[in-house]
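Just so you know, these numbers use all the heavy atoms, side chains as well, and skip hydrogens, waters and symmetry mates. In what follows, chains are A, B, ... by sequence order, proteins preceding strands, each numbered from 1.
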Amino acid sequence: MSSRKTYYVTTPIYYVNDVPHIGHAYTTLACDVLARFMRLDGRDVHFLTGTDEHGQKIEKAAAAAGLAPQAFADKVSVSFRELIGAMNYSPDNFIRTTEPRHYRACQALWEKLEEAGDIYLGKYAGWYSVRDETYFVEGETEVGPDSKRRALSTGAEVEWVEEPSYFFRLSAWAERLLAFYEANPRFIAPESRRNEVLSFVRGGLQDLSVSRTSFSWGVPVPGDPKHVMYVWLDALTNYITECGYPDTSDALWKFWPADLHMVGKDIIRFHCVFWPAFLMAAGVAPPQRVFAHGWWTNEGQKISKSLGNVIDPVELVATYGLDPVRYFLLREVPFGNDGDFQRRAMIGRLNGDLANAYGNLCQRVLSIVARNCGGQVPGKGPLIDADTALLERARALLAIVRTELEEQAFHRALAALWDVVGEANRYVDAQAPWALAKTDPARRDTVLWVLAETIRRVTLLVQPFMPGSAARILDQLAVPEAQRAFSAFDAELLPGTALPAPQGVFPRYAEPAKAAS
RNA sequence: GGGCCCGUAGUUCAGUGGUUAGAACGAGCCGCUCAUAACGGUUAUGUCGCAGGUUCGAAUCCUGCCGGGCCUACCA
């Protein structure tokens, strides 16, 4: 079955300097939904996430914790693996930059860049802030009244530091990058980010320092082990390490170039400028698309550790339930925009969209079926216009969701599904199967069949977003496991099939009783 | 300083030249009673940031201004 179309989606590898927060959860969630959708749609999917474990910060943090860097990385990496279970993600692999195969890939890539003449030895010099661990250009610093020079942005003291460094000839790539963007308009999304990158590259590029000698926790530069590779060159390479690079006969190489790198908007330059330049220089095809999503704020406030308003995804799930959180994050905000996490909005979506509209639709239909149809899928009689209209709306959903997810428009995909949920609720009221029970049981059965069939189609498409809840609903419709992929989208419910007793899937969220004080 | 984007009902947004500007949530009223006190119908909301201009016609195009965001460059 090697003829199936592949789909390779990646999260950034997360820096183990930090514990997982809503931003990490959001990025991986988006990838998870795409991976699940594509699998159900018959694609040969590879979904990769992992951790970035090198760099001076890790080296220092490890020393402070009295651990070897590797032991420290091992420890922190675990919290990102735990998030996978907590959020029900479905990655095919979890990569770590400290794996031997990754060293091989980085060094092979480096050698290619060197062979191509895109790497040279120079000197990295600038105003260095020890506190920020960053170099600043002269203009970013200022000499204070005490005649000490400080970084304008952070106020930290800086000192002039020079160290030997290898450089990547990025300056030579601006024109070729622009040509690449031109030829691949889908490469950067959303559009506003694309404009940003274009104007950045049009402004000219400077060569990029790609090695350091001031610390040693990293991938050694081939032939000059005093240097370790710049963390971003190291980190980005993970995407091809996974596919076996430099061994293009590896079984996973078929997944390259990746269909999508999902990233936060803060690291767009690394993915949209540096990465394609590295790859083109090394003679490797660049990825097909980079999507930069936005940030969350918390009740209108910027999230920061110092404000203490960091959102812990595990806590969210404990409060509102896993699938409601997954739904909310992708439904509430047009994907690509910044979003505001509001407790009131979260509860609104949970109670309004999930409990009242969708959950209650399933419940009201299935309980009439249970009571009237002997616990079986009801019989299907002749269809009237109202029936075919609703069924047609449901049937059209697969193509709609497919189109929206090609563009990572999760919010629009969900809106389309919920349009049909609303349509189904109106149909229930219009057809009033409880009244038909007394006058025309056969017609009642047809109405219930139409509804059950509509719920089946909607729920098949809900699976990638809320896998657990969708499975429970499909169980209640007695849809066999083998008929939950989209290849069975048109395999209608068979009248007479035995059904289990219905059970609510999305309980309403009730405010915890206020503590009297 | 340059560039990009945004400012539309109480709220979140859709609408990018053409009849009385839409949706959802929230609010009021009515109906239903199968269902998780859920569902459906219906009503009301708006100087479409401000001011000019182009046009038979502008939320939509142009100019300026005000307000907000993002990217980027820095001044001597």
Worksheet item: Taking the same atom, P, in B/U16 and in B/A59, what whole-Å distance lies between them?
Response: 14 Å

| query | Is there a donor-acceptor contact under 3.5 Å linking the side chains of A/D353 and A/Y327? | reply | yes

Nearest-nucleotide check on RNA chain B, A/V197 vs A/Q342; residue mapping nearer the 5' end is A/Q342

Separation of B/A24 atom C1' from A/L417 atom CG, nearest Å, is 16 Å

When rounded to whole Å, the CZ to P distance for the pair A/R331 and B/C25 reads 10 Å

A/R426 CZ to B/G31 C1', in whole Å, measures 16 Å

Correct closest heavy-atom pair for A/D52 and A/A235 would be OD2-CB, 3.6 Å

Handout entry: Donor-acceptor pair between A/Y230 and A/S165 side chains, under 3.5 angstrom
Key = no

Requested in this report: For B/G57 versus B/U45, give the span between their P atoms, rounded off to a whole number of Å.
Outcome: 28 Å

To the nearest angstrom, the OH-P distance between A/Y509 and B/C25 comes to 21 Å

Give one of base, sugar-phosphate or nothing for A/R349, where a contact means two heavy atoms less than 4.0 Å apart.
nothing

- Item | Pairwise C1' distance, B/G52 and B/C66 [rounded to whole Å] | 15 Å

Practice prompt. Using the P atom on both, measure B/C4 against B/G64 and round to a whole Å.
Written response: 12 Å

Across every strand shown, the nucleotide meeting Watson-Crick or G-U wobble geometry with B/C4 (both distances under 3.5 Å) is B/G69

Pairing partner of B/G64, by Watson-Crick or G-U wobble and under 3.5 Å for both distances, is B/C50

Quick one: sort the A/F274 and A/F278 rings into parallel, tilted or perpendicular, breaks at 30° and 60°. tilted

From CA spacing to verdict: side-chain contact (heavy atoms from CB on, under 4.5 Å), A/M262, A/L34:
CA-CA 10 Å; A/M262 183 66 74; A/L34 293 170; 4.1 Å; yes

- Query: Is the closest side-chain donor-acceptor distance between A/D118 and A/W173 under 3.5 Å?
  - Reply: yes

A/D419 CG to B/A14 C1', in whole Å, measures 12 Å

| said: Between B/A23 and B/G40, how many Å separate the two P atoms, rounded to a whole number? | reply: 15 Å

Practice task
Rounded to whole angstrom, note down the P distance from B/C65 over to B/G3.
Solution key: 12 Å

A/F200 CZ to B/A73 C1', in whole Å, measures 11 Å

>> Quiz question: by atom type and distance under 3.5 Å, do the side chains of A/R343 and A/Y320 form a donor-acceptor pair?
In response: yes

If we take the C1' atom in both B/A73 and B/G15, what is their distance in whole Å? 36 Å

If pairing means Watson-Crick or G-U wobble with both distances under 3.5 Å, then the partner of B/C39 is B/G31

When rounded to whole Å, the CG to C1' distance for the pair A/D353 and B/C13 reads 14 Å

Scoring nucleotides 33-38 of chain B by protein non-hydrogen atoms under 4.0 Å (B base, S sugar-phosphate only, - none) yields SBBB-S

When rounded to whole Å, the CG to C1' distance for the pair A/D340 and B/G69 reads 14 Å

Q.
Using atom P in both nucleotides, what's the gap between B/G17 and B/C13 to the nearest angstrom?
A. 23 Å

pair_partner(B/C25), Watson-Crick or wobble, both distances < 3.5 Å, evaluates to B/G10

Using distance alone, with no hydrogens and no angle criterion, decide if A/Q431 and A/R443 have a side-chain donor and acceptor under 3.5 Å apart. yes

